[in-house]
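Data block below; observations after.
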Amino acid sequence: MDEEMARDETVFLLGEEVAQYNGAYKVSKGLLEKYGDKRVIDTPITEMGFAGIAVGAALAGLKPICEFMTFNFSMQAIDQVVNSAAKTRYMSGGTIECPIVFRGPNGAAAGVAAQHSQCFAAWYGSVPGLKVVSPYSAEDAKGLMKAAIRDPNPVVVLENELMYGISFEVSDEVLSKDFVVEIGKAKIELEGSDVTIVAHSRPVGFALEAAAELAKEGIKAEVINLRSIRPLDVATIIESIKKTNHLVTVEGGWPQFGVGSEIAAQIMESEAFDHLDSPVIRVTGADIPMPYAKNLEELSLPSVNNIVNAVKKSLNK
Amino acid sequence: MMLARLTTLVRTAPRVSQLPLPISARVPLLARSKATKASDSAATSLQDRHVSFPGATFGSVFTEKMEFISDYPTIPTYRVLDIEGKVIVEGQDPKLSKEECMKIYRTMISLNQMDMIMYEAQRQGRISFYMTNYGEEGTHLGTAAALTSDDVIFGQYREAGALLYRGFSVQQCMHQCYGNENDLGKGRQMPVHYGSKALNIQTISSPLGTQLPQAAGSAYALKREGKDACVVCFFGEGAASEGDFHAALNMAATTESPVIFFCRNNGYAISTPAREQYRGDGIASRGHGYGMHTIRVDGNDVLAVYNVVKEARRIAVEEQKPVLIEALTYRVGHHSTSDDSSAYRPKKEVADWMKQDAPINRFRKYLEAKKWWSEDQEQALRKEVQTAVSHLFTDVYDELPWNLQEQKAKLDALMAKYPEQYDTTGHAKTKLS
């Protein structure tokens, strides 16, 4: 955000506690001092209100970054995101752009239960007119955020609270001011030949751990980090299936109408279907509101073990 | 002038119904007298000056003077006790029985002690989250004491005192915060999301402001049932910025439902100070816009809160009308265990409030003046609600094994040597036999 704010004067950040308090999760640390209160704006607690203000500013030519303290609270503002931000370009015959970024932590955190722990990838991913990205690593987070800010369309950036404190090694290329990750392109995190595991956000890490486990048993898994939920990079998944003939999807969200369901459906409709040696298996969050009790919470989220088991089931091992 | 009258309508004495004329009857009278004078000079009939558009409020008259209204009278803050716990105007003392006062006070202390322990439990990683109630005890207890057990409570999240007063035990709070098998919610909700169907307390919901329209709907249900009960809905001044607040007040006003909207204006919405949250005269000023009985009260004065809620309940139930109460108070603790308030407000500010005007202290002074309470009783009560430190070592073995005996001896020595590091003033001094 800092680099893009320095690069483009029209970029500004608004949301609850983003300025003086440096953001509820310290994501916007130092931005207020650097860019002042005209470009880093604390708002009253009205999600519908400040999302609407951001949309209005975008329609008038600015590039707002609208932070939701968590995406759970974006439900209060979803009409602005879906009916205004996503559809204005289409409805205006392409004459009006709405360059805006909606960002904030998404998915389950720890010990915050039903109303603070849910994944909105499937919700926003279903809306034509929106782009939706879901970073896993530091490289993803930086590159996708920069791409989102530069994109002339509304982009939903689904961050993960539990990943904020995780460090990743990055290359010099990633550190460069020009590093941007193309929206709509998945990344093959690990090459393999026996099974394809597709995941997004924090579960990518679980998939990589599962692949390491499986490698001990001689199973070579290919791990695809989706990076973008919409547009969905089905081509990369198809190419991988042609090689491995097996697919397991992993996500923290609910199973019904989820990201995995969509991938399974698109694979069924593609030429990759003929390359599958077994049905696609989804590993997802449990089909319940998130419980608070720690043991129940752990059981409600996909684990490395779940992924290993799903892969073995797929391979009939 | 009209504004001033409307916004201070709720009074403990005289009751609204005892005013010389209902407000709706008074306004047109005022208008008429002005209109008559005008018609004398400008030969305009009363009929011509009366605004008859369908959206016009009854009593609005035409004027040829263009004037934007910007200078609204500031709504006063009702109180009974001064900062030293003295009743300022004798007739305003609700004269609660000793028993009732003791129940209020004991609950305040229990709440305080529970907060202290649970906050530490969170810091030690035993629970994931907690929110203390420090400084707002007056609003919780004044409200709870003025209600009946049939009245439904919709909380925001910082109203544990009202629950304790109703009979939700400290133990039940623990069960909920630890999400154990005894939790009424079966370990499914975050800490402090209490609720009890038996006690007519709706379970707390995390997304801000959702309880407001739900309270209006719940009150509408009570109205249809014809029940002798109302809904009390707590919310903060920050939540009043949510669209839900507008929907709730407007719906409650138009359906004339028995609901008391109780704003705990504690100065901060997490880190956002009230001065950045709104520009008007607090939350109370909005009651006028919704045509609602409204009052502002000193939230650190538990007796004032009691009086106000008692009368608001009467208006809600007897007159079937919603009421808006804005209680001014101060959030002494952090918003929750997820923030550090020293990042956005000076520590001295907090210390000054605690020293100068804590609702518990104010009420204690009132009780002490009545000779109902003493320092000895205070110490005894605070200890009563906390277990003894020595029980760290008990109830595992029938007889204390040698290693625990050694540990205990070491701890005792340390505590004796560094009393300021091991402050046990809040704990009972039971010795192991």
Side-chain angles (χ1 to χ4, degrees), chain A residues 15-26 28-29 32 37 41-53 68-80 105 108-118 161-162 286 288-300, chain B residues 122 125-130 156-157 175-181 183 185-193 203-210 235-247 268-279 335-345:
Chain A
E16 292 155 7
E17 322 212 303
V18 296
Q20 198 138 24
Y21 194 56
N22 289 318
Y25 299 97
K26 306 288 166 232
S28 49
K29 196 170 181 184
L32 174 66
D37 57 9
I41 303 167
D42 277 329
T43 67
I45 315 173
T46 319
E47 288 81 5
M48 175 64 101
F50 67 72
I53 287 163
F68 292 117
M69 192 179 285
T70 90
F71 262 96
N72 298 283
F73 307 148
S74 76
M75 291 296 95
Q76 303 257 3
I78 197 166
D79 181 68
Q80 289 290 350
V112 290
Q115 294 173 317
H116 284 92
S117 313
Q118 50 204 328
E161 184 189 329
L162 297 175
I288 50 163
M290 183 62 75
Y292 161 65
K294 201 161 184 268
N295 52 348
L296 300 178
E297 185 186 65
E298 277 166 15
L299 291 170
S300 304
Chain B
Q122 196 280 339
R126 293 166 199 273
I127 55 174
S128 67
F129 179 84
Y130 193 70
Q156 177 155 299
Y157 43 62
H175 291 325
Q176 198 283 331
C177 286
Y178 279 82
N180 66 24
E181 60 182 347
D183 169 27
K186 299 180 182 171
R188 290 174 179 165
Q189 245 308 17
M190 279 177 81
V192 313
H193 287 50
T203 301
I204 307 298
S205 171
S206 311
L208 196 69
T210 51
F235 61 101
E237 84 284 353
S241 292
E242 293 283 11
D244 303 53
F245 170 80
H246 163 74
Y268 289 92
I270 309 188
S271 80
T272 308
R275 65 180 177 275
E276 284 172 31
Q277 193 67 246
Y278 51 72
R279 278 295 179 277
H335 164 70
S336 74
T337 48
S338 304
D339 66 308
D340 173 9
S341 72
S342 64
Y344 52 78
R345 61 178 180 184

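We name chains A, B, ... by the order of the sequence lines, and we start the count at 1 in each one.
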* Compare every heavy atom of Y21(A) with every heavy atom of S338(B), then report the nearest pair and how far apart it is. => O-OH, 4.3 Å
* State, to 0.1 Å, how close G111(A) and P191(B) come at their nearest heavy-atom pair, and which atoms those are. => O-CD, 4.4 Å
* Heavy-atom count around K26(A) NZ within 6.0 Å, excluding the residue itself: above 12? -> yes
* Set of side-chain contact (heavy atoms from CB on, under 4.5 Å) partners for Q115(A), sequence neighbours left out -> Q189(B), H193(B), S205(B), S206(B), P207(B)
* Under 4.5 Å, heavy atom to heavy atom, which residues of residues 289-297 of chain A contact chain B? -> M290(A), P291(A), Y292(A), A293(A), L296(A)
* **chain B-proximal positions within residues 71-79 of chain A [heavy-atom distance under 4.5 Å]** => F73(A), Q76(A)
* **Most contacts with chain A, counted as non-hydrogen pairs under 4.5 angstrom, among A269(B), G187(B), G209(B)** => G187(B)
* Asked: Any idea which of S128(B), G185(B), A343(B), G179(B) has the most non-hydrogen atom pairs under 4.5 angstrom with chain A?
  -> S128(B)
* Structure fact -> d(I270(B) CD1, M69(A) CE) to nearest 0.5 Å is 4.0 Å
Can you give each donor-acceptor pair under 3.5 Å made by side-chain atoms of residues 235-245 of chain B, sequence neighbours left out, with the distance rounded to 0.1 Å?
| unit_1 | atom_1 | unit_2 | atom_2 | d |
| --- | --- | --- | --- | --- |
| E237(B) | OE1 | N266(B) | N | 3.3 |
| E237(B) | OE2 | Y268(B) | N | 3.2 |
| S241(B) | OG | Q277(B) | OE1 | 2.7 |

* Which portion of Y278(B) sits near chain A, non-hydrogen atoms under 4.5 angstrom -> neither
* **Donor-acceptor contact below 3.5 Å, side chain Q20(A) vs main chain Y344(B)** => no
